[in-house]
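To start, the structure under review is shown below, and the notes come after it.
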Amino acid sequence: MAVRNKIFFFYKKEERTLEKIQSLLSLAITEGFEVVEDEKEANIIASIGGDGTFLQAVRKTGFRDDCLYVGVSTLENEFYCDFHIDDQAGMIEAMKNEQVEVRKYPALSVNIDGQGSFFCLNECSLRSSIIRTLEIDVFIDDLYFETFRGDGMIISTPTGSTAYNKSVSGAVVDPMLACYQISELASLNNNHYRTLGSSFILSDNRKMTLKIKHDNSHYPIIGMDNEAMSIKHCETLHFELTSKRIKTVKLKDNSFWHKVKRSFL
Ligand code: NAP
Ligand code: MN
C-alpha cells in the first residue's frame with residue numbers, strides 16, 4: 001500500500017477555525033505530510049468542524065473509498081469525529097500509524113428515475129413540499145409492501161441512525177451491521193390508508209423502491225444528508241446499500257457505542 005502522506009483540509013472559512021488550522025497545517029508539514037490544495041491528489045481528507053462539516057467533506061470530495069477521512073471536531077462529542085482540534089499530536093500520531101484501526105461506514109445509494117446514483121452517509125429524506133400529504137408506494141425487492149401517505153420518509157444508514165432518524169423514534173443501529181432503516185414522518189393511518197407504522201430495517205441484500213404518486217402534481221423535497229437535491233420531477237427512487245465504505249480513523253476505546261453513551265446518556 002502506498003504511504004498515506006498527502007493530506008487535504010476541508011473546513012469552513014471561519015476566523016475561529018482558521019487560527020487553529022494554521023498551527024495544524026504547520027505541524028502536518030513538520031511531520032512529513034504534504035498538504036495538497038486539490039483534494040483529488042489527497043489520500044487523507046481531514047474535515048475540521050462538526051458532523052455537518054464531515055458530511056459535506058465526504059460529499060464534496062465524491063465519497064472516495066480510496067482515501068482515509070479524518071474527522072476533527074471543533075466542538076464537543078461528534079459522531080463522525082474521533083479527534084478534537086486541540087489534540088493535534090494525537091491526530092498526527094494516528095495518521096502516521098499504519099496499524100491504526102479504521103472504521104468502515106456503509107453508504108446508501110439512491111438512484112432517481114434511472115438517472116444515476118447519489119450517495120448518502122446519514123440519510124436520504126423525502127418530505128412533502130406543500131401543506132398537503134405525499135403518497136408513495138413502497139416496494140421491497142419486487143414485493144409491493146405498502147402505500148405511505150403523510151409528511152415523508154427517512155431512509156438512513158447505520159451511522160445516520162443517531163441523526164434525523166432518531167428524532168422520529170427510529171432505532172439506533174450498530175454501524176457494523178450492513179443495513180439501512182426506513183422511518184416514517186407522520187403517516188396517515190385509518191381505514192383507507194395503512195402503513196406498518198414502525199421503522200423497519202433492511203439488509204444489504206435487499207433493494208427498496210419508492211414510487212411517488214403524482215395525482216396531486218407536486219413533488220417532494222429530497223434531502224441527501226445536509227444537502228437538498230435540486231430535482232423537481234421525480235417518480236421512482238431505488239435504494240440500496242452500496243459496497244462503498246467510507247473509511248475513518250478509529251481511536252481506542254471510542255466505539256460507536258461509546259459515542260452513543262456520551263451523546264445521549
Ligand atoms: P443541522 O441542522 O445544522 O444539525 C443537525 C444536528 O445533527 C447537528 O447537531 C449535527 O451535528 C447532528 N448530526 C449530524 N449527523 C449526525 C449523526 N450521524 N449522528 C448524530 N448527530 C448528527 O445540519 P447538519 O449539521 O448539516 O447535519 C445534517 C443532518 O441533520 C442531516 O443529515 C439529518 O440527519 C439531520 N437533521 C435532523 C433533523 C431532525 O432531527 N429533526 C432535521 C433535519 C436534519 P453537528 O452540530 O456536529 O454538525
Ligand atoms: Mn451542524
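Predicted model only: the values in this text are computed from it and were never measured. We count ligands from 1, going down the list as the structure has it; atoms in each ligand are counted the same way.
When only interatomic distances are considered, the shortest N/O to N/O separation between T53 and ligand 1 does not fall below 3.5 Å.
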Chi angles and distances behind the ring pair (Phe, Tyr, Trp, His ring centres under 6.0 Å) call for F200, F145: CA-CA 12 Å; F200 56 95; F145 186 62; 5.3 Å; yes
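Closest to atom 19 (N) of ligand 1, if we only count protein heavy atoms, is T162 OG1, 2.6 Å. Closest to atom 40 (O) of ligand 1, if we only count protein heavy atoms, is S167 OG, 2.5 Å. Shortest contact from atom 23 (O) of ligand 1 to any protein heavy atom: N226 CB, 4.7 Å. For atom 25 (O) of ligand 1, the closest heavy atom belonging to the protein is G52 CA, 3.4 Å. In this structure, the protein non-hydrogen atom closest to atom 44 (C) of ligand 1 is Y164 CD1, 4.0 Å. Protein heavy atom in closest approach to atom 29 (C) of ligand 1: N122 ND2, 3.9 Å. Among protein heavy atoms, the minimum distance from atom 46 (O) of ligand 1 is reached at E78 OE1, 4.4 Å.
Every atom of ligand 1 is numbered from 1 in the order shown, and the set under 4.0 Å from a heavy atom of Y80 is 18 (N). Residue D225 has at least one heavy-atom neighbour below 4.0 Å for each of these atoms of ligand 1: 31 (C), 32 (O). Using a 4.0 Å cut-off to heavy atoms of F79, the atoms of ligand 1 that qualify are 19 (N), 20 (C). Counting the atoms of ligand 1 from 1 in the order shown, those under 4.0 Å from a heavy atom of G50 are 47 (O).
With hydrophobic clusters built from ILVMFWY side chains whose heavy atoms lie under 4.5 angstrom apart, I29 shares a cluster with F9. No continuous path of ILVMFWY side-chain contacts below 4.5 Å connects V35 to F10, so the two sit in separate hydrophobic clusters.
Remark: atom 33 (C) of ligand 1 lies closer than 4.0 Å to at least one protein heavy atom. Under the 4.0 Å distance rule, the nearest protein heavy atom to atom 4 (O) of ligand 1 falls outside the cut-off. In this structure, atom 11 (O) of ligand 1 has a protein heavy-atom contact shorter than 4.0 Å. When distances from atom 15 (N) of ligand 1 to the protein are checked, a heavy atom turns up under 4.0 Å. In this structure, atom 42 (C) of ligand 1 has protein heavy atoms in its sub-4.0 angstrom surroundings.
Ring geometry for Y80 versus F54: interplanar angle under 30°, hence parallel rather than tilted (30 to 60°).
Contacts with ligand 1 closer than 4.0 Å are made by side-chain heavy atoms of E123 only, the backbone lying farther away. Contact annotation for V168 and ligand 1: no heavy atom of the residue comes within less than 4.0 Å of the ligand.
The CG atom of D87 sits 10.5 Å away from the CG atom of L24 when rounded to the nearest 0.5 Å. To the nearest 0.5 angstrom, L210 atom CG is 9.5 Å from H238 atom NE2.
In this structure the side chain of R245 reaches within 4.5 angstrom of the side chain of P106, judged on heavy atoms.
For NE2 of H192, the number of neighbouring non-hydrogen atoms (other residues, nucleotides, ligands) closer than 6.0 Å is 12 at most. The number of heavy-atom neighbours closer than 6.0 Å to NZ of K166, taken from other residues, nucleotides and ligands shown, is 12 or below.
Contact analysis leaves F54 out of contact with ligand 1, as no non-hydrogen atom separation drops below 4.0 angstrom.
Look at D38 and K6 and you find no salt bridge, because none of the NZ, NE, NH1 or NH2 atoms lies under 4.0 Å from a carboxylate O. Looking at K104 and D65, no side-chain N of the basic residue comes within less than 4.0 Å of a carboxylate O on the acidic one, giving no salt bridge.
Under a cutoff of 6.0 Å and an axis angle of 45°, K261 and F264 do not form a cation-pi pair.
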